[in-house]
Amino acid sequence: MKRLVSGIKPTGSLTLGNYIGALRQFVKLQDDLLDTEMFIFIADLHAITTPQDKAQLKKNIKSIAALYIACGLDPDKVNLFIQSEIPHHAELGYVMESTAYVGEMERMTQYKDKKHKQTQGIRTSLLTYPALMAADILLYDADIVPIGDDQKQHLELTRTLAARFNQMYGDTFVVPEAFYPKTGARIKSLTEPEKKMEKSALNPKSYILLLDDINTAKNKIRSAVTDSEAIIRYDVKEKPGISNLMTIFASLSDVSIKDIEEQYKDSDYKTFKEDLATLVGHTLEPIQARYHALMKDPSLDQTLDLGRERARLIAMRKMAKVYKRLGLGRQK
Ligand code: ATP
Ligand code: LTN
């Protein structure tokens, strides 16, 4: 049986970008890959690479757990768990830091971007974060890792580290493959469409949250930045705003970009945005209804307990093997 692993940081509430780039893929793969065991977690250790409010972090962790299920993940098919509840992630993270070179960490573009956004107190873990991400994946011998485009470099590094460790200490880790969505691997900001939509952005108009009030979400689509040409044509370079909206439309409706261009060739931005706003509303409504019910349901905790136990068993065995390979402790 193959394995799939992926996680999302609880640094805020989930955006439409997280949904299209990650969550929606998890749900599709859960239904398509019948020979694959899935491990989906809340990457809370990754959240503290930047400052977090303690109470808010707690809320986000539970909220993301509920959103995973509200978006369609089936707790009977997927092992859902919280990263920090399995100490082996941090342990293998350290081993990965002892496999990676400082230069490799410093080259990561996400680190460079995030470093520039902060003026002081950049945490060491912001730099070493890809080692922990590699550990998250290698701990479970993942064959496939569904992620958005922004994680490409981290996944490449994970592959490098797995291969390096295997070469130095003997075959220990599976070298994983990334899996990107066909459309929507990088949803852009609604206010600055050259940048990625992200939950930790300062301007709330730049993103749509899965839990945004439906009218607020629709208004964010209506006021999204476009251009003055008023032709619905896909051209990321010249028309990043409308192209991004078309990508969102294509991802949520499973209609191709080409068909959207054809369908709206005599239309205008206002009509297109209105149709997209309706589509976004129809996507969010059922997710929100399930989410609110789940937040009151004690079975959410049971799901996380079960997921933790299954994950822990695998993680524990793997870690014992890794320490043995390294010659640590007294194990023969
Ligand atoms: P932060 O703002 O804290 O960096 P984020 O919104 O970028 O967070 P993550 O928790 O880092 O989200 O990402 C979770 C998953 O969602 C990853 O697989 C990531 O690639 C994907 N993802 C994040 N943003 C987008 C986006 N704009 N388009 C497509 N996929 C995305
Ligand atoms: N680094 C990712 C979140 C993440 C992840 C992982 C994704 C942490 N560990 C393991 C896939 C597999 C991010 O910032 N989006």
Side-chain angles (χ1 to χ4, degrees), residues 3-26 29 38-52 56-57 60-61 64 67-68 71 81-84 86 89-90 92-93 96 108-111 113-115 117-118 125-126 128-140 142-159 161 176-190 192-204 206-210 244 247-248 251-252 311:
R3 298 219 182 105
L4 174 154
V5 169
S6 200
I8 299 185
K9 281 179 289 182
T11 39
S13 199
L14 298 190
T15 67
L16 200 60
N18 296 133
Y19 178 69
I20 294 172
L23 266 164
R24 213 164 163 266
Q25 302 306 312
F26 303 165
L29 293 169
M38 293 181 59
F39 295 84
I40 304 285
F41 63 95
I42 297 147
D44 57 347
L45 291 174
H46 287 276
I48 60 166
T49 52
T50 52
Q52 302 297 326
Q56 192 57 48
L57 179 59
N60 290 342
I61 291 171
I64 293 183
L67 270 174
Y68 273 143
C71 287
F81 64 95
I82 299 170
Q83 182 191 29
S84 66
I86 302 197
H89 285 251
L92 187 57
M96 286 298 124
M108 296 290 119
T109 51
Q110 194 182 57
Y111 168 67
D113 289 351
K114 292 212 185 244
K115 189 175 77 165
K117 282 189 197 153
Q118 272 174 263
S125 58
L126 190 67
T128 58
Y129 162 111
L132 182 59
M133 176 161 165
D136 299 336
I137 297 168
L138 303 180
L139 200 49
Y140 300 97
D143 301 278
I144 165 172
V145 184
I147 40 175
D149 212 13
D150 60 318
Q151 297 304 314
K152 207 176 209 155
Q153 219 185 8
H154 295 158
L155 208 278
E156 274 310 311
L157 181 62
T158 301
R159 289 168 53 85
L161 297 182
E177 297 284 341
F179 180 93
Y180 305 104
K182 280 201 197 78
T183 38
R186 188 178 292 235
I187 300 298
K188 305 291 176 54
S189 151
L190 299 177
E192 295 171 274
E194 306 77 30
K195 296 188 183 158
K196 163 185 117 146
M197 181 184 285
E198 57 187 4
K199 54 173 128 68
S200 56
L202 291 175
N203 182 0
S206 70
Y207 52 70
I208 289 182
L209 297 179
L210 296 182
N244 184 42
T247 303
I248 296 175
S251 308
L252 298 182

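Keep in mind the model is a prediction, meaning the values are calculated, not measured. Both ligands and their constituent atoms are indexed starting at 1 by order of listing.
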Donor-acceptor check, side chain of [X] to backbone of [Y], threshold 3.5 angstrom: yes or no?
X      : Y      : value
Arg186 : Gly148 : no
Gln83  : His89  : no
Ser189 : Lys195 : no

### Message
Under the salt bridge (charged side-chain N to carboxylate O under 4.0 Å, His left out) definition, can you give me all pairs with a residue in residues 4-25, not counting sequence neighbours?
### Response
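Checked against salt bridge (charged side-chain N to carboxylate O under 4.0 Å, His left out) - neighbours excluded - the pairs reaching residues 4-25 are Arg24-Asp254.
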
### Message
Can you confirm if the aromatic rings of His154 and Tyr111 lie within a centre distance of less than 6.0 Å?
### Response
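Aromatic pair excluded; centres sit 6.0 Å or further apart.
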
Anything under 3.5 Å between an N or O on ligand 2 and a protein N or O? List each pair with its distance, or write none.
residue: ligand 2; atom: 1 (N); partner: Tyr129; partner atom: OH; Å: 2.3
residue: ligand 2; atom: 1 (N); partner: Gln151; partner atom: OE1; Å: 3.1
residue: ligand 2; atom: 9 (N); partner: Asp136; partner atom: OD2; Å: 2.7
residue: ligand 2; atom: 14 (O); partner: Lys9; partner atom: NZ; Å: 3.4
residue: ligand 2; atom: 14 (O); partner: Tyr129; partner atom: OH; Å: 2.4
residue: ligand 2; atom: 14 (O); partner: Gln151; partner atom: NE2; Å: 3.2
residue: ligand 2; atom: 15 (N); partner: Gln151; partner atom: NE2; Å: 3.1

So if I apply the side chain to side chain contact (heavy atoms under 4.5 Å, CB included) rule between [X] and each of [options], which one comes out positive?
X      : options                        : result
Leu14  : Ile208, Asn60, Leu67           : Leu67
Tyr207 : Lys199, Lys196, Met197, Glu198 : Met197
Ile20  : Leu252, Thr247, Thr183         : Leu252

### Message
Restricting to side chain to side chain donor-acceptor pair (under 3.5 Å), what partner residues turn up for Thr109, sequence neighbours left out?
### Response
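Counting only residues at least two positions away or on another chain, Thr109 forms a side chain to side chain donor-acceptor pair (under 3.5 Å) with Gln153.
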
### Query
Around ligand 1, what residues show up once you keep those with a heavy atom under 4.0 Å from it?
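Ligand 1 pocket, heavy atoms under 4.0 Å: Ile8, Lys9, Thr11, Gly17, Asn18, Gly21, Ala22, Lys114, Ile147, Gly148, Asp150, Gln151, Gly184, Ala185, Arg186, Ile187, Lys196, Met197, Glu198, Lys199, Ser200.
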
